Amino acid sequence: MYADITLPIPFDTFTYLVPPELEQGIGIGMRVLVPFGKNKSHVGVVIRLHDTPPTGVQLKRIDTLLDERPSVTDQQLTFWKWISHYYMSPLGDVYKAAFPAIMKHDAPEKKRRRKNIVEKYEGMLAGGIQHELNVHQSAAYQKILESWNTHDITLLHGVTSSGKTEVYIHLIKKFIDEGHQVLYLLPEIALTTQITDRLRSVFGNELGVYHSRFPDADREAVYRKQLSDNPYRVILGVRSSIFLPFKDLGLVIVDEEHETSFKQQDPAPRYHARSASIMLARQYGGKVLLGTATPSIEVYKLSQEGKYGYVRMDRRFSNIELPEIEVVDIKRLKFQKRMKGSFSQTLLDSIGETLRDNGQVILFQNRRGFSSFIECKMCGWVPRCEHCDVSLTYHKKTNSLTCHYCGSTYTVPERCPNCETSDFMNVGLGTEKIEEQVHTYFPDARVTRMDLDTTRSSQSYERIIHAFSQHESDILIGTQMVSKGLDFDNVKVVGIPDADMMLNIPDFRSYERTFQMLAQVSGRAGRKGKKGRVILQTRSADNAIISQVVENDYDGMYRTQLEERELFRYPPFCRLIYVYLRHTDFRTVDHLAQQTAKLMREALGDRVLGPDAPLVSRVQSMHIRKIILKMQLSDSITTTRQVLQSIAAKVLEQPIANSLRIYFDVDPQ
Ligand code: ADP
Ligand code: ZN
Ligand code: ZN
């Protein structure tokens, strides 16, 4: 007997011999320990059992059978194969992403040293629904149910604080009462104790939470429980929870559907959890609800064409008005020398007023560190990372320069290596600099900063959110972390010192993203009580996207963006696949990228663009080239994949391509 086994390395499967003594016990989906290479071993999963010996290779034998029952169900395997196929990633990469790390080790299940998360909530009973829905919420709830009669996938488009979460809770209740399971997906940083507590109080020990910040043993415990005969009814989790075993998945909710972090960037598989979870639900005959205040253009288009159902909620809960957004043209103010550091008088005044009224303020700046970079005043020299093709970010607190790509840290040079003068200036605005200025203008205010630098330790993110919601701090300064689904009662003002940064990113999605980001962060203002206020500082006051944000004109944004996308042939009018090549030597990668693009053009015609160096063309000493394929919507996905895979194989065959890496990004974000 032979077994095809997937291993945690970027290949599909390897064939091993099943020793006679294991033939009885072995089954598909079980974990095995196998020898690999000269003196390595791996834990793999049995994908297929058969009796066709492969020709021409010396087969190795399976060492140990690690499971009595499958660790991966047939349904999961079907799903793994779909991910592998659609996202052009070897099955081994999918296996790596799908399992908690412990399950990929051969150590026997350790005696539990500490109480794990499953035991912790064992005795906790469901508290039942707390809030009744108001009329608008009930109407939306009914419409969603009706919509599912004709559309398995429905978009809930509800303004920030319209009470979407409460609608989800009622839908979840309905599905689990009918005996189904529910998967509730949130972006990584939106999955906080705020939301967990809300669901826990309703669903008690029927709720399982799956988060990458949790210890691995906890994640394994959740995985094992889902395999058992008594699985959780509701899973609240981040994108990787689509890989958990389910028995009867009746409903998938994807909250903040527009969030790019649902797409896994690195490492492979580069899957999109929204698309993948739609596939997952289809596999179980379940329904899907996509929820957001700012739909992605792709999803909105499908809903407008009637391919997805569409339900809208236009009012905030208890009729609080959406915040008023005031645009401050800082180009003019700068010219007139009327800026106070990074602040206009308008922004300073409204912060001051809010603090006097005992209200709270959020300041949003989507860049951490002090300044974007430092520059020699004399000759313009800018320090760059030795391993990556990017300028270094200046961090004042630690007086260091950091590469935000590879994490390398450098000391600030005393003199410019180019011209020997020692006069540097800070260019660009980061959260640290805002914090410093806030201390200057509001010395008595209690200020907290929330960005990657202040949230590295495991609980710090939750601690900051908790402290701010308890009003232990007056001003919260942060990157996009402060915009994700947080619900604070007392925030009267949201300040955006520099709204332009994202607009200037050269990407066809940058306007859409800017709209979404600004609308989301504005949505943190005035969620309870009085109408909130947003002060938006920009140098592009006449850019249409800014007035669309001010007017909350999602449809306007959608129409203008759609026209552009159609004109320049971008998604949703085509399907994108990026082909990446990586190598340590830039001449080699250039040469091989040219060759790959040529082969692609021969096979696929003028749908191929490039090769080009991407925005950051060297990371960790690897040179990167990118080739873009714009597939027509009518093109066969399967055929195109085969063409690309065989071209890659052909290029990699050559001795010169010895240490070249080629990988694909399907539906890049
Ligand atoms: P969204 O998810 O649309 O941003 P939420 O569900 O977080 O909105 O609701 C906003 C606020 O209103 C929350 O503090 C929530 O507790 C409250 N809320 C929403 N619906 C109800 C309800 N039916 N009864 C009482 N409070 C509600
Ligand atoms: Zn210089
Ligand atoms: Zn670097």
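In each ligand, atom 1 is the first atom listed, and ligand 1 is the first ligand listed. Computed from a prediction, not measured in an experiment: that's the story for all the values here.
- Under a 4.0 angstrom heavy-atom cut-off, Arg316 registers as lying outside contact with ligand 1.
- Under a 4.0 angstrom heavy-atom cut-off, Arg527 registers as being in contact with ligand 1.
- Ring pair Trp381/Phe424 is tilted by interplanar angle, where 30° to 60° counts as tilted.
- The closest side-chain donor-acceptor pair between Asp177 and His180, if any, does not fall under 3.5 angstrom.
- The angle Cys416:SG - the Zn ion (ligand 2) - Cys419:SG amounts to 110°, with values rounded to 10 degrees.
- Between the side chain of Arg533 and the backbone N or O of Lys492 there is no donor-acceptor pair closer than 3.5 Å.
- The nearest heavy-atom contact from the protein to atom 7 (O) of ligand 1 is Arg198 NH1, 3.0 Å.
- Side chain of Gln137 to backbone of Asn134: a donor-acceptor contact under 3.5 angstrom is found.
- For His387 and Tyr405, the gap between ring centers reaches or exceeds 6.0 Å.
- Among all non-hydrogen protein atoms, the one lying nearest atom 25 (C) of ligand 1 is His131 ND1, 3.1 Å.
- Counting only heavy atoms from C-beta outward, the side chains of Val234 and Tyr232 never approach each other to under 4.5 Å.
- Looking at atom 8 (O) of ligand 1, its nearest protein heavy atom turns out to be Gly163 N, 3.0 Å.
- Rounded to 10°, the angle formed at the Zn ion (ligand 2) by Cys379 SG and Cys376 SG is 110°.
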| request: Dump the intermediate steps for salt bridge (charged side-chain N to carboxylate O under 4.0 Å, His left out) on Glu321 and Lys531, then the final yes or no. | output: CA-CA 6 Å; Glu321 280 178 81; Lys531 178 176 174 178; 3.5 Å; yes

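- Protein heavy atom at the shortest distance from atom 14 (O) of ligand 1 is Asp487 OD2, 2.6 Å.
- Looking at atom 20 (N) of ligand 1, its nearest protein heavy atom turns out to be Gln137 NE2, 2.8 Å.
- Between Tyr300 and His157, the ring planes lie perpendicular to each other; the angle is over 60°, past the 30° to 60° tilted range.
- The protein heavy-atom contact nearest to atom 2 (O) of ligand 1 is Thr165 OG1, 2.6 Å.
- Rounded to the nearest 10 degrees, the angle SG (Cys388) to the Zn ion (ligand 3) to SG (Cys403) equals 110°.
- Contact atoms of ligand 1 toward Lys528: 14 (O) (distance under 4.0 Å to a heavy atom of the residue).
- In summary, of the residues considered (Glu257, Glu259, His258), a side chain to side chain donor-acceptor pair (under 3.5 Å) with Thr292 occurs for His258 alone.
- Taking backbone and side chain together, His404 holds no N, O or S atom under 2.8 Å from the Zn ion (ligand 3).
- Using cut-offs of 30° and 60° for the angle between ring planes, the Tyr663 and Tyr580 rings count as parallel.
- Note on His387: not counted as a metal contact of the Zn ion (ligand 3), no N/O/S atom lying under 2.8 Å.
- Taking every non-hydrogen atom of Glu132 and a distance limit under 4.0 Å, the qualifying atoms of ligand 1 come out as 22 (C), 23 (N), 24 (N).
- Here the heavy atom of the protein found nearest to atom 10 (C) of ligand 1 is Ser161 OG, 3.3 Å.
- The heavy atom nearest to atom 1 (P) of ligand 1, considering only Gln520, Lys164, Gln130, Gln194, is found in Lys164.
- Annotation: atom 17 (C) of ligand 1 to nearest protein heavy atom, Phe317 CD2, 3.9 Å.
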| query | What's the verdict on salt bridge (charged side-chain N to carboxylate O under 4.0 Å, His left out) for Arg213 and Glu462, showing C-alpha distance, side-chain angles and the deciding distance? | reply | CA-CA 11 Å; Arg213 273 202 304 269; Glu462 298 287 351; 3.7 Å; yes

